[in-house]
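Below: one structure, written as structure tokens.
Here is the naming used below: chain letters follow the sequence lines, and residue numbers restart at 1 for every chain. Keep in mind it's a predicted model, so treat the numbers as computed, not measured.
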Number of protein chains: 2
Amino acid sequence: MLKIAKLTDYGTLLMTTLALEPSSVLNAQELAVRSHVAAPTVAKLLKLLVKGGLVESTRGAHGGYRLARDATTITVADVVTALEGPIAITACALHGGGCTIEGSCTSRSNWRLIDDAVRDALSAVTLAQMAQPRTRPKFAKPVPLSAVAHE
Amino acid sequence: MLKIAKLTDYGTLLMTTLALEPSSVLNAQELAVRSHVAAPTVAKLLKLLVKGGLVESTRGAHGGYRLARDATTITVADVVTALEGPIAITACALHGGGCTIEGSCTSRSNWRLIDDAVRDALSAVTLAQMAQPRTRPKFAKPVPLSAVAHE
DNA sequence: GGATACCGGACCGGAATGGTGCGGATTGTA
DNA sequence: TACAATCCGCACCATTCCGGTCCGGTATCC
């Protein structure tokens, strides 16, 4: 597993939907239709994404949502962070104090290392890439992630 | 979030505990003491780890557990896979059929890409490294993930 | 044969997640 | 100015999943 929340999955779907039409302002209803996600869920997600600073909202009649930044500058890591909070694999990284095992935690420092790696992996893919049906043939494994991230 | 299950965290703790004493056979009780994890939980985890082929068990009096392979050949990814099943960030990757959004899933192929990256990240750290208080200074971020993976 | 210890389930309570609804605030239009 | 469209924030509920426990069974050693 190690899965992201289903809502986060929907969230990226929404974001890519927005990314396909950067110049338009789409309302929640319209986004629900295009992304095939239930309308109430869409509304909930958009609120979180607004709070996270990833999309901008326009209130009132003919209001709606659009990306706050260019799709090439928004990464999957941004979306995940906005919807699920800071990316931290281990629970321990958060509730600093109450760890009953603290003493024997030689592995803690190593987990952070893994955290960083995962964060990098998620930061390597932008919304613009997600919006494309397939980012090129599918660059083979040997290509370093960091190279992809900076393209 | 994007967190691994707490049990998985404990699981790696157990594995590192075993890694510290490769030649001994430790029983569940003893492992519970050393890892500071509740005994019943330890037992449960060990069952899963055995099933996953990561540890070997000896039954009967003076039985116990030990690593099935050398600590340098067991990665965190192995442990996570044994305890949580195949590493797949998206839920969609599993329940193949019932996706209501299938048509618009241009992003699916891109998620797999991220899956691979995360998998690589987890495969990059071995038990032997986790057992050490700190794997060298902490190789800086600019190092490409894939380079770490193959070291 | 008895004690030790693993094995494979079933089982349960609590938390988190996914999903829904409602009153309120803001903006455009008639 | 009144009304409609639309976002906003919060509270709420049901279900699922997770962490944790227990028990009967089996294998091995003394």
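- Nearer to the 5' terminus of DNA chain D, by closest-nucleotide assignment, is the contact made by A:Ser57 (compared with the other of B:Leu7 and A:Ser57).
- Rounding to whole angstrom units, CG of residue B:Leu45 and C1' of C:dG8 are separated by 15 Å.
- What separates CD of B:Glu84 from P of D:dG19 is a distance of 8 Å, to the nearest Å.
- With hydrophobic clusters built from ILVMFWY side chains whose heavy atoms lie under 4.5 angstrom apart, A:Leu67 does not share a cluster with A:Val25.
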**Message:** side chain to side chain donor-acceptor pair (under 3.5 Å) for B:Thr73 and B:Asp70? Distances and angles first, verdict last.
**Reply:** CA-CA 6 Å; B:Thr73 68; B:Asp70 191 89; 5.5 Å; no

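- Rounded to an integer number of Å, the gap from B:Leu83 CG to D:dG19 C1' is 13 Å.
- The side chain of A:Ala61 sits closest to C:dT27 out of C:dT27, D:dC8, C:dC7.
- Separating the NZ atom of A:Lys51 from the P atom of D:dC8 is a distance of 11 Å, rounded to the nearest angstrom.
- Taking atom CG on A:Asp9 and atom P on C:dT17, their separation rounds to 15 Å, with Å as the unit.
- Heavy-atom nearest nucleotides on DNA chain C were determined for B:Lys44 and for A:Thr41, and the one closer to the 5' end corresponds to B:Lys44.
- Shown here for A:Ala77 and A:Arg119, the closest heavy-atom pair between the two residues is CB-O, 4.3 Å.
- For the pair B:Lys47 and A:Ala5, both in contact range of DNA chain C, the more 5′-proximal nearest nucleotide belongs to B:Lys47.
- B:Met130 and B:Leu20 end up in different hydrophobic clusters when Ile, Leu, Val, Met, Phe, Trp and Tyr side chains are linked at under 4.5 Å.
- Distance OH (A:Tyr10) to P (C:dG18): 9 Å, rounded to an integer number of Å.
- The side chain of B:Arg59 has D:dG25 as its nearest neighbour among D:dG20, D:dC8, D:dG25.
- No contact: B:Ala43 has no heavy atom under 4.0 Å from any strand.
- Between atom CG of residue A:Leu83 and atom CG of residue A:Leu48 there is a gap of 6.0 Å, rounded to the nearest 0.5 Å.
- Rounded to whole angstrom, the span from the CG atom of A:Leu46 across to the P atom of D:dC7 amounts to 8 Å.
- Protein atom NE2 of A:His62 is 12 Å distant from nucleotide atom P of D:dC7, rounded to whole Å.
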